[in-house]
Visitor: 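Can you read through this structure? Questions will come right after.
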Protein chains: 2
Amino acid sequence: MVIYLDNAATSFPKPRTVYQNVTKAMTKFGANPGRGSHSMAIEGAKVIYETRELLAQFFNLGDPMKVIFTFNATDSLNLAIKGLLKSGDHVITTSMEHNSVLRPVMELEKIGVSNTIVSCQTDGKINILDIENAITSNTKLVITTHVSNLTGTIFPIDQIGKICKKHKIHYLVDASQSAGVLDIDMQSSNIDFLAFPGHKGLLGPQGTGALLINSEVEMSQLKEGGTGSESSNLNQPNFYPDKFEAGTPNLPGIAGLNSGLKHIINRGTKSIYSHEKELLDLFVKQLKNINKIQIYGPNDINDRCGVVPINIEGIDSSEVAYLLDTKYNIAVRPGLHCAPLAHKTIGTEKIGAVRFSVGPFNTKTDILAAVKALDEISQGE
Amino acid sequence: MVIYLDNAATSFPKPRTVYQNVTKAMTKFGANPGRGSHSMAIEGAKVIYETRELLAQFFNLGDPMKVIFTFNATDSLNLAIKGLLKSGDHVITTSMEHNSVLRPVMELEKIGVSNTIVSCQTDGKINILDIENAITSNTKLVITTHVSNLTGTIFPIDQIGKICKKHKIHYLVDASQSAGVLDIDMQSSNIDFLAFPGHKGLLGPQGTGALLINSEVEMSQLKEGGTGSESSNLNQPNFYPDKFEAGTPNLPGIAGLNSGLKHIINRGTKSIYSHEKELLDLFVKQLKNINKIQIYGPNDINDRCGVVPINIEGIDSSEVAYLLDTKYNIAVRPGLHCAPLAHKTIGTEKIGAVRFSVGPFNTKTDILAAVKALDEISQGE
């Protein structure tokens, strides 16, 4: 049995109810939701609507119709960034962002959207004054991650949200690593846009994601197509969510996400977070006893969530991951983690790092097995 | 047990192997393909690559790396249309297209891409000379459906491909209703871009689709993000398929599509097509015996695939579908079918139509039950 410590890439396993509901969506109401009036199509549409409601409640977004289902977090981020920013706008983001933020921001330079990328400290922490100081008269959007996918550093989204509100600037939070683990309240944290995948902390299947929009600002859609609404209109409908949801949705995926979400709501994010924190705390404390191991990210466990990247002196991260996989049956991710400026920030842009990331189903036994394996590998055994 | 005659919206049921492989992808190799080097991630990446190869072979595309996985056919069509066309270009399409073609084409008018929408005949057939006559010096792309989602009319893609080749214009085929049923050879038919969903004739789950690119032309991607490749590059990689596939793919969906495709390859498209043609032939012949029923689309069964739209004189299409659903447990789609100009072409833009669409698992018994139900409904029973 594999010891899966790659939950930052996708969570595994999912709750059994997720697998069951995906299968149910395919076998029992496998029709096209919103494209027919028969019972199966209506049953599918109900599941999708219920999931919208659950997500809106979970993240305290007022209007469930402003939950936009997407393909993955990348799709959500592209929609928020490109749907909002126009030539002449300025956007602020940070050096800890994933390529799913950095690459769209770089692409927009071509159409005259300028950017400032605020540098973070070597443990991934941001000085929020640097964000405030980067604001100019044409700044329209601030984008930060909630939790770094490389270091696990938790960003102070509350404080950044306050700055954005004060300066009347929109705030987009990339919750790829936090949704389902840390509490997020879009209203009280002044988050205008929340982007996340369905298949990480929310425990749904791949092929799911969402963008939650807590703003009245005008947004462009990135694609047009059939919506099952205003069928005789040759232009994309101008209401939520149809404006942003063209074509057949991923019904089995959303049904699985529905079950993942219910699992989390039942267990409670506080319980999940404290479980994961306990595991990370144990991991870090044990690793400190091993020579040759360098641990990256914040020292205080309270500043970190889900993820611990490390290196063993003198051994390539790919080699470490290879040994963990083949000799110990432990799944982790080595190398560069699609966050090039974050690697520069922590000084691993050349060597990469071995990333361990926990999920709600990991146990202390998993952690101790990983520690033992790293101890042996570091001793060249 | 429902009699499902809404296969043009999404096929139902799928082969059992599809459900099994979706579950296997979630439970056995539910990692993030291409984002880790451990065994589970590699197993997932293998399934995705094998599916690329299967699709490339199936549609005779030379290079499997030019199979781009998308969210649905709408996503594929948007990528082809917007990735290719720039300000000053002209595009030709037809009145039988779905909103997933018409709406992006209309949207592009805003950035100076002009269009000609060629009118079709009342049975949905096109005069290919009208396409040739619409070509201007700046025509860059011709887009046609392969099979109309409203009337089932089969388009002469071979002949249209020849015209496009002769005039050095790109040809995009929307195979949403034909992929998996009619043979498609991208090389011999001179198709540059083939767009289709995974969840209709190809029998995969929703949340899947692909764009196959048989051209060296420069294309823009519509979104950027993590690709698991060139991780330290702040710009989107410029090679296939990564350029067009940002973020985590829908692994369970693609695994299901893999099984759907294998099912079709085993059974053979010729066998599937002739089975479906036999059912439609029976349906149309039987309906002709019933008064008050108007049948739309081509008279010759050889000119039609998968779909028969009808109306019963004096009864709204929604009412007919409602009775079929509640009284006879037959699932169909009424009203407007996301193809507004196609409805105008056949004269049903005000009243819509009840669409019956068959799949590989329908039987003569299904068809005869539908005929009996329509007979009773038309007599007001």
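Numbers restart at 1 for each chain; the letters A, B, ... are given by sequence-line order, proteins then strands.
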Visitor: Indicate whether the side chain of A:N72 and that of B:T248 have a donor and an acceptor atom separated by less than 3.5 Å.
Guide: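 Checked: A:N72/B:T248 side chains show no N/O donor-acceptor pair below 3.5 Å.
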Visitor: Could you grab the distance from atom CD1 of B:I81 to atom CD of A:E224, nearest 0.5 Å is fine?
Guide: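 Going from CD1 on B:I81 over to CD on A:E224, the span is 9.0 Å.
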Visitor: Can you measure from OG (B:S232) to NZ (A:K350) and round to the nearest 0.5 angstrom?
Guide: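 Output value for this atom pair is 10.5 Å.
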Visitor: Where on A:A73 is there a heavy atom nearer than 4.5 Å to chain B: the side chain, the backbone, both, or neither?
Guide: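 Neither part, no heavy atoms under 4.5 Å.
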Visitor: Less than 4.5 Å to any heavy atom of chain A: does that hold for the side chain of B:F71, its backbone, both, or neither?
Guide: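 Both parts, backbone and side chain.
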Visitor: Taking side chain as everything from C-beta outward and backbone as N, CA, C, O, which of these in B:N7 sits under 4.5 Å from a heavy atom of chain A? Side chain, backbone, both or neither.
Guide: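 Contact with chain A is absent: no heavy atom of B:N7 under 4.5 Å.
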Visitor: For the candidates A:E107, A:M106, A:E349, A:R355, which exhibits the highest count of non-hydrogen atom pairs separated by less than 4.5 Å from chain B?
Guide: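 Greatest number of close heavy-atom pairs with chain B: A:E107.
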Visitor: Which region of B:L341, side chain (C-beta onward) or backbone (N, CA, C, O), has a non-hydrogen atom less than 4.5 Å from a non-hydrogen atom of chain A, or is it both or neither?
Guide: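 Contact with chain A: side chain only.
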Visitor: Is A:K344 atom NZ crowded by more than 12 heavy atoms from other residues, nucleotides or ligands, each under 6.0 Å away?
Guide: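 Counting neighbours around NZ of A:K344, 12 or fewer heavy atoms of other residues, nucleotides or ligands fall under 6.0 Å, so no.
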Visitor: Could you look at B:P104 and say if it's the side chain, the backbone, both or neither that has a heavy atom under 4.5 Å from chain A?
Guide: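 Both the backbone and the side chain of B:P104 come within 4.5 Å of chain A.
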Visitor: Can you check whether A:Q206 reaches B:P33 side chain to side chain, under 4.5 Å on heavy atoms?
Guide: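 Yes. Closest side-chain heavy atoms under 4.5 Å.
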Visitor: Could you tell me which non-hydrogen atom of A:C338 sits nearest to which non-hydrogen atom of B:G226, and how far apart they are?
Guide: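 Shortest heavy-atom separation between A:C338 and B:G226 comes out as SG-CA, 4.1 Å.
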Visitor: Should we say atom NZ of B:K24 is surrounded by more than 12 heavy atoms from elsewhere, each under 6.0 Å from it?
Guide: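 At most 12 heavy atoms, drawn from other residues, nucleotides or ligands, come within 6.0 Å of this atom.
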Visitor: Name the region of A:H199, side chain, backbone, both or neither, that has any atom closer than 4.5 Å to a heavy atom of chain B.
Guide: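 For A:H199, the contact with chain B is made by the side chain alone.
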Visitor: Is it the side chain or the backbone of A:T227 that comes within 4.5 Å of chain B heavy atoms, both, or neither?
Guide: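 Both backbone and side chain.
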Visitor: By a 4.5 Å heavy-atom criterion (distance strictly below it), what part of A:N329 contacts chain B: side chain, backbone, both, or neither?
Guide: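 Neither part.
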Visitor: Salt-bridge test for B:E230 and A:R103: reply yes if a basic N is under 4.0 Å from a carboxylate O, no otherwise.
Guide: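 Here B:E230 does not pair with A:R103 in a salt bridge, since their nearest N and O are not under 4.0 Å apart.
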Visitor: Of the backbone (N, CA, C, O) and the side chain (C-beta and beyond), which part of A:Y19 lies under 4.5 Å from a heavy atom of chain B, both, or neither?
Guide: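 The answer is both parts of A:Y19.
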Visitor: Of the listed residues (A:P197, A:P237, A:G253), which shares the most heavy-atom pairs with chain B below a 4.5 Å separation?
Guide: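 That would be A:P237.
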Visitor: If we define contacts as heavy-atom pairs under 4.5 Å, which of A:N235, A:D75, A:T326, A:L102 has the most with chain B?
Guide: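 That would be A:N235.
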Visitor: Any side-chain to backbone donor/acceptor pair from A:D325 onto B:H38? Under 3.5 Å, distance only.
Guide: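 Here the side-chain-to-backbone pair does not exist.
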Visitor: Would the distance check show the side chain of A:S100 and the main-chain N or O of B:G225 forming a donor-acceptor pair, the cut-off being under 3.5 Å?
Guide: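 Not confirmed, A:S100 side chain does not pair with B:G225 backbone.
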Visitor: Out of B:T208, B:N233, B:L222, which one racks up the most heavy-atom pairs below 4.5 Å with chain A?
Guide: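 Most heavy-atom pairs under 4.5 Å with chain A: B:N233.
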Visitor: Which value, rounded to the nearest 0.5 Å, describes the distance between B:E109 atom CD and A:L234 atom CG?
Guide: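 So the gap between those two atoms works out to 9.5 Å.
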Visitor: Is it the backbone or the side chain of A:T23 that comes under 4.5 Å from a heavy atom of chain B, or both, or neither?
Guide: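 When you check distances to chain B, only side chain atoms of A:T23 fall under 4.5 Å.
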Visitor: In terms of heavy-atom proximity below 4.5 Å to chain B, should A:S229 be classed as side chain, backbone, both, or neither?
Guide: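 It is the backbone, since no side chain atom gets that close.
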Visitor: Who wins among A:G335, A:P13, A:A41, A:P252 for the most heavy-atom pairs under 4.5 Å with chain B?
Guide: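 Looking at each of A:G335, A:P13, A:A41, A:P252 in turn, A:P252 comes out on top.
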Visitor: Quick one: what part of A:K14 sits under 4.5 Å from any heavy atom of chain B, side chain, backbone, both or neither?
Guide: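 No part of it gets close to chain B.
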Visitor: Between A:V2, A:V22, A:T27, who has the most heavy-atom pairs with chain B when the cutoff is under 4.5 Å?
Guide: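 Between A:V2, A:V22, A:T27, the count favours A:T27.
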Visitor: Given that the side chain runs from C-beta out, which part of A:V101 has a heavy atom under 4.5 Å from chain B: side chain, backbone, both or neither?
Guide: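 Neither part, no heavy atoms under 4.5 Å.
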Visitor: Using non-hydrogen atoms and a 4.5 Å limit, figure out which bit of A:Y322 sits close to chain B: side chain, backbone, both or neither.
Guide: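 Looking at A:Y322, nothing touches chain B.
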Visitor: By a 4.5 Å heavy-atom criterion (distance strictly below it), what part of B:S11 contacts chain A: side chain, backbone, both, or neither?
Guide: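 Only the backbone of B:S11 comes within 4.5 Å of chain A.
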Visitor: Examine whether an atom of A:M40 lies under 4.5 Å from a heavy atom of chain B, and if so say whether it belongs to the side chain, the backbone or both; otherwise answer neither.
Guide: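 For A:M40, the side chain is the part near chain B, not the backbone.
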Visitor: If I compare all heavy atoms of B:A31 with all of A:T10, which pair ends up nearest, and what's the gap?
Guide: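 What the structure gives for the nearest pair is C-CG2, 3.5 Å.
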Visitor: For A:Q221, is it the side chain, the backbone, both or neither that has a heavy atom under 4.5 Å from a heavy atom of chain B?
Guide: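 For A:Q221, the contact with chain B is made by the side chain alone.
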Visitor: Distance from A:N32 atom CG to B:K200 atom NZ, nearest 0.5 Å?
Guide: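 Those atoms lie 6.5 Å apart.
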Visitor: Under a 4.5 Å heavy-atom cut-off, does chain B meet the side chain of A:N99, its backbone, both or neither?
Guide: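 Both backbone and side chain of A:N99 come within 4.5 Å of chain B.
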Visitor: Does any backbone or side-chain atom of A:K82 lie under 4.5 Å from a heavy atom of chain B? Answer side chain, backbone, both or neither.
Guide: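 Side chain only.
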